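Below is one structure, written out as structure tokens, with a few remarks after it.
Side chains are part of it too, since the values below use all heavy atoms of this structure and drop only hydrogens, waters and symmetry mates. The structure presented is a predicted model; accordingly, all values stated were derived computationally and were not measured.
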Amino acid sequence: MKVLQPISLLVVTVALLALCVPVPAFSQMMSMSREGHGRTMENSDMDKMGDMMGMCIAHAELMGLTDDQLMKMKPRHSDMQKKQARFKADVRIAEIELMEIMEVKDFDLAKANSHVKKIAEIKTAHHLDMLKTMKEMRTILTNEQFKKMQKMMMTTKMGDKKPAKKMLKKK
């Protein structure tokens, strides 16, 4: 049920705005609602996973990755990037469809509910797929490499865009 809470909040917000704002402003409302709800799973944690994989590949030498590990990681990383792009497009299309349903004053609530559930299903399926990919990627790394990757991500989290070589060399 936790997956539906942010979506329900979005629907309630959009519905309230729809009552107060003229119909042509729907496209603006959609972008405002996307920005106004803070970071969501699909644009933060899942993107970070791609960053993690990309960072590992980009800093393969610092992490001590073998050629075999890189050969396994690169296709998975590329596949994950494609899935992320498809996911974002699918969610955006479903949100546009929901807005179309809600354009009329007396919109079909059952149809709107169905679309909200569709959006939740898209997000859940993507999240589970990304978790599976993350698990696969982590099995490729040794324990030491995993620890280096975590240190790189912490360095990035603290504001640096490039991993500190000092952080990677510490044990």
Side-chain angles (χ1 to χ4, degrees), residues 1-11 30-99 113-171:
M1 209 59 185
K2 288 183 181 180
V3 173
L4 292 179
Q5 285 179 337
I7 294 165
S8 298
L9 181 60
L10 175 64
V11 170
M30 197 62 214
S31 66
M32 287 186 330
S33 70
R34 291 173 68 83
E35 294 166 8
H37 280 88
R39 299 181 73 166
T40 58
M41 184 58 70
E42 71 273 4
N43 68 8
S44 66
D45 293 343
M46 293 299 110
D47 285 344
K48 285 180 187 173
M49 191 182 94
D51 293 345
M52 170 201 69
M53 292 167 56
M55 194 178 291
C56 288
I57 292 168
H59 301 287
E61 192 173 311
L62 286 173
M63 288 195 49
L65 296 177
T66 65
D67 289 341
D68 185 50
Q69 287 174 309
L70 280 171
M71 294 293 286
K72 291 177 183 176
M73 292 176 95
K74 285 181 179 180
R76 285 182 171 94
H77 182 239
S78 178
D79 187 48
M80 193 212 57
Q81 288 178 314
K82 291 174 192 174
K83 287 179 182 179
Q84 184 73 9
R86 281 187 200 105
F87 162 73
K88 286 180 178 184
D90 289 346
V91 168
R92 184 70 184 121
I93 290 167
E95 288 172 344
I96 291 169
E97 290 171 347
L98 176 60
M99 296 306 295
N113 284 338
S114 173
H115 253 71
V116 169
K117 289 177 184 176
K118 176 183 175 182
I119 293 168
E121 289 169 4
I122 292 168
K123 290 179 179 183
T124 300
H126 177 70
H127 192 160
L128 294 173
D129 192 36
M130 291 298 106
L131 288 173
K132 179 183 170 199
T133 302
M134 185 183 292
K135 177 75 173 168
E136 290 172 1
M137 290 297 290
R138 289 181 177 190
T139 61
I140 295 170
L141 300 174
T142 65
N143 289 339
E144 185 178 316
Q145 290 167 337
F146 178 72
K147 288 176 185 173
K148 286 180 181 180
M149 185 232 13
Q150 285 182 312
K151 286 180 184 178
M152 281 186 352
M153 292 308 290
M154 286 302 294
T155 302
T156 302
K157 235 184 209 182
M158 294 189 296
D160 294 341
K161 292 296 176 199
K162 296 178 182 175
K165 291 182 182 181
K166 290 184 274 183
M167 292 286 290
L168 291 175
K169 291 182 181 178
K170 288 182 183 177
K171 288 190 179 181

What distance do [X] atom [atom1] and [Y] atom [atom2] have between them, rounded to the nearest 0.5 Å?
X	Y	atom1	atom2	value
D129	M80	CG	CE	10.5 Å
T139	M134	OG1	CE	12.5 Å
T133	M137	OG1	CE	9.0 Å
D90	H126	CG	NE2	10.0 Å
M73	H77	CE	NE2	9.0 Å
K118	L98	NZ	CG	10.5 Å

Take M63 and L141 through the side-chain contact (heavy atoms from CB on, under 4.5 Å) test and state the conclusion after the steps.
-> CA-CA 9 Å; M63 288 195 49; L141 300 174; 4.2 Å; yes
In chain order, what residues pass the side-chain contact (heavy atoms from CB on, under 4.5 Å) check against [X], with sequence neighbours excluded?
X	result
I93	E97
T142	Q69, E144, Q145
K82	S78, R86
D67	none

Tell me, which pairs form a salt bridge (Lys or Arg N to Asp or Glu O under 4.0 Å) where one or both residues lie in residues 134-143, sequence neighbours left out?
->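 Output for this query lists R76-E136.
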List for me each residue that meets side chain to side chain donor-acceptor pair (under 3.5 Å) alongside D79, sequence neighbours excluded, and say none if there are none.
->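 Once residues adjacent in sequence are excluded, the partners of D79 under the side chain to side chain donor-acceptor pair (under 3.5 Å) criterion are K83.
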When every non-hydrogen atom of A94 is compared with those of I119, the smallest separation belongs to CB-CG1, 3.5 Å
Could you pull out the closest heavy-atom pair between L65 and C56, with the gap in Å?
->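 Between these two residues, the closest heavy atoms are CD1-O, 3.3 Å.
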Under 4.5 Å between any side-chain heavy atoms of V91 and K123, yes or no?
-> yes
